[in-house]
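The structure under discussion appears below in the form of structure tokens.
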Amino acid sequence: MIDGPYLEFEKPIMELQKKISDMKEFSRVEDIELDSEIKSMEGKLKKMQDSIFAKLTRWQRVQLARHPKRPYTLDYIDLITTDFVELHGDRCFADDNAMVGGFAKLDGRPVLILGQQKGRNTKSKLYRNFGMANPEGYRKALRLMQMASKFNRPIIILIDTPGAFPGIGAEERGQAESIARNLREMTNLEVPIIITIIGEGASGGALGIGLGDRVFMLENSWYSVISPEGCAAILWRDAAKAPDAAEALKLTAPDVDKLDLIDGIIPEPECGAHMDPSLAAEKLKKQILIALDELDPMTPEELILHRIEKYRKMGVYTT
Amino acid sequence: MDWFRKSKDGLVSQQKKEIPDGLWTKCKGCGEVIYSKILEEQLWVCPNCNYHFRINATKIISLLLDDGQLETYDDNLSSLDPLSFRDSKKYTDRIKASQQKTGMKDGLISGLGTIDGLPVSFAVMDFAFMGGSMGSVVGEKIARTIERAIEREIPLVIVSCSGGARMQEGILSLMQMAKTSALLAVLAKKKMPYISILTNPTTAGVMASYASLGDIIIAEPKALLGFAGPRVIQQTIGQDLPEGFQSSEFFMEHGFLDVISERKDLRRNLSLCLQYTYDKPVNG
Ligand SMILES: [Zn+2]
């Protein structure tokens, strides 16, 4: 029996283990001989464990990206920077707690760092709106990024969201407009923008702070046009088909890298970032510093030109 | 270079052939059954309740451009299947079916035309092609349409009609939002106007990129506009949505539209907006 917190993708294993123990109990209480059934189920369990750990499916990667113990944006900020000063508010409507950002020092160097923030317990999950930003979150992010550009500070972005929030207020305040504006205005920022998908990268909610000069994905993160559940609900008419949708969407870091849409995959500690957050952060920081070194010599004009060219090339079609 | 020519009269007479005499159409707005000929004369707007029927890209071209003419570009751009995507159907089969149904390679017609003599780089989406969804082809054609406006220093007009990014091309579709928006930043620096016209529906990835970035944004009445689909919102918040939620009128009320224009006035409104934002070069 595995005790304590377990990975989502271990759930079928847990269930099968439960079935086996129930069957053993039933066999004992009712005094019915079920040895061959139990043996066959134990064989099945072994096979299941092997197949899961030998090669993660896309859906299991999705679940790793959602692991409740996975480091979130503020954890990484804490682990890779010093002297973080969080800055709040969009100067227009509200402060969105699903989006955090501020100035900090990365190896002593001043940077702006921002990203979506998830909560860990019921209370903080609600406070962070499950990492789903409203328009004021995207507008806060843009305000901070434009300030960073004004004061010549590089921008470090950590993406981790199941999507922009689908709510009445979000629509009233222009969720679509806030994301669209960010895409256009991030194009014009005069400082390096280094982006990493650290967990979930769902749709426009991720891309809304996702246009920059370097884009990396952590090994067990995912990045997609739509969440597997959303895709399954539409194309399979059944959200429970999310694993099939995850396979079809090709949303893992290796998938997206193969499509040449990111600049690299940042490896995670064995069995995922949550097993060793400090090591995960170290690897992340290393990659960010390399990217900063590469981008440092570029003038604002060069940065913007290369940024436009980077996205201009994206697309697969025949003429 | 392909030429696409259809005078308004030509289009109307062609439609007459398609619709057998005595065919009636039920209005989705009021339920009234209307004689199709009348509906067609009214630009597919219900004379009873003003419901704007969805019309295809070809009809939009004949409605908005001088002599109904568009010199089309990039007609042969066609989707590949980079993800080998398959749900209940193969993506390649969906593409083929849409191509056969619409006679188009993908869900967008783009090119150069004039509106009351003013040159425009123009694109119009067609909902009949996989719900007007934006994959690599739609994104690329929009990008090229923006580039033609930049290179020729002429205004940009995009008529949107889309459920959003095309799921079957996954992350590539998402990146079309970034690609098109980045080029609109270049257009804005050139100080060339971009008029965005929203028709029913314009949502999700299209709304969260170029459709929302017009200098002037015009919508048809009662179009469904928004980021998230109404059903998704309803499921998320677990309550009924207010009446008129995510309509053009709702968007106007909250400050995200410049003009709501009935179809019969759309050409005039577009023309005026172009005149107010663009001076044709004297030698142009
Ligand atoms: Zn009607």
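Chain A is the first sequence line, chain B the second, and so forth, proteins listed ahead of strands; every chain is numbered from 1. Values below: every heavy atom of this structure, side chains too, minus hydrogens, waters and symmetry copies.
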Quick one: [atom1] on [X] to [atom2] on [Y], what's the gap to the nearest 0.5 Å?
X      : Y      : atom1 : atom2 : value
A:L218 : A:I266 : CG    : CD1   : 5.5 Å
B:T199 : B:L266 : OG1   : CG    : 9.5 Å
B:D106 : B:I95  : CG    : CD1   : 5.0 Å
A:D160 : A:Q116 : CG    : CD    : 7.0 Å
A:I226 : A:L251 : CD1   : CG    : 11.5 Å
B:K179 : A:L183 : NZ    : CG    : 14.0 Å

If you look at every heavy atom in [X] and [Y], which pair is closest and at what distance?
X      : Y      : value
B:E249 : B:K222 : OE2-N, 3.0 Å
A:E247 : A:W59  : OE2-N, 4.1 Å
B:T102 : B:A128 : CG2-CB, 3.8 Å
B:L80  : B:E169 : O-OE2, 4.2 Å
B:M207 : B:L198 : CE-CD1, 3.7 Å
B:F85  : A:C231 : CZ-SG, 4.3 Å

Which residues in residues 304-319 of chain A have a heavy atom less than 4.5 Å from any heavy atom of chain B?
->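 So the qualifying residues are A:I304, A:I308, A:Y311, A:R312, A:M314, A:G315, A:V316, A:Y317, A:T318, A:T319.
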
Close approach to chain B in residues 127-144 of chain A, criterion heavy atom under 4.5 Å |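 Interface residues of residues 127-144 of chain A: A:R139.
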
Given the options A:G163, A:A176, A:G210, which has more heavy-atom pairs under 4.5 Å with chain B than any of the others?
->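 Top count of heavy-atom pairs under 4.5 Å with chain B: A:A176.
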
Considering only heavy atoms and a distance below 4.5 Å, find which of A:S203, A:A206, A:A170, A:G201 pairs most often with chain B.
->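 Maximum pair count with chain B is reached by A:S203.
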
Do the charged groups of [X] and [Y] touch, with an N to O distance under 4.0 Å?
X      : Y      : result
A:E200 : A:K118 : yes
A:R181 : A:E185 : no
A:E294 : A:R214 : yes

Can you name the one residue among A:L249, A:I262, A:L259 that meets side-chain contact (heavy atoms from CB on, under 4.5 Å) with B:I171?
->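 Of the listed residues A:L249, A:I262, A:L259, the side-chain contact (heavy atoms from CB on, under 4.5 Å) partner of B:I171 is A:L259.
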
When [options] are compared by non-hydrogen pairs under 4.5 Å with chain A, the top option:
options                      : value
B:R86, B:K189, B:M167, B:K89 : B:M167
B:L77, B:D74, B:D81          : B:L77
B:R166, B:Q246, B:K105       : B:Q246
B:A208, B:S209, B:A211       : B:A208
B:T180, B:L172, B:L174       : B:L174
B:S84, B:S79, B:P82, B:A165  : B:P82

Could you tell me whether the side chain of A:Q175 and the main chain of A:F165 form a donor-acceptor pair under 3.5 Å?
->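 Here the side-chain-to-backbone pair exists.
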
Do A:D255 and A:T252 meet the criterion of a side-chain donor-acceptor pair at a distance under 3.5 Å?
->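 There is such a pair between these side chains.
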
Show the atom names and distances, to 0.1 Å, of all donor-acceptor pairs under 3.5 Å that link a side chain in residues 228-243 of chain B to residues at least two apart or in another chain.
residue : atom : partner : partner atom : Å
B:Q234  : NE2  : B:D240  : OD1          : 3.3
B:T236  : OG1  : B:V232  : O            : 2.7

Part of [X] within contact of chain B (heavy atom distance under 4.5 Å):
X      : result
A:L261 : side chain
A:L235 : both
A:A233 : neither

Close approach to chain A in residues 143-163 of chain B, criterion heavy atom under 4.5 Å |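 Those residues of residues 143-163 of chain B which have a heavy atom under 4.5 Å from chain A are B:A143, B:R144, B:E147.
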
Region of B:L183 that comes under 4.5 Å of a non-hydrogen atom in chain A |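 Contact with chain A is through the side chain of B:L183 alone.
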
Where does B:V186 contact chain A at under 4.5 Å (heavy atoms): side chain, backbone, both or neither?
->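 For B:V186, the contact with chain A is made by the side chain alone.
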
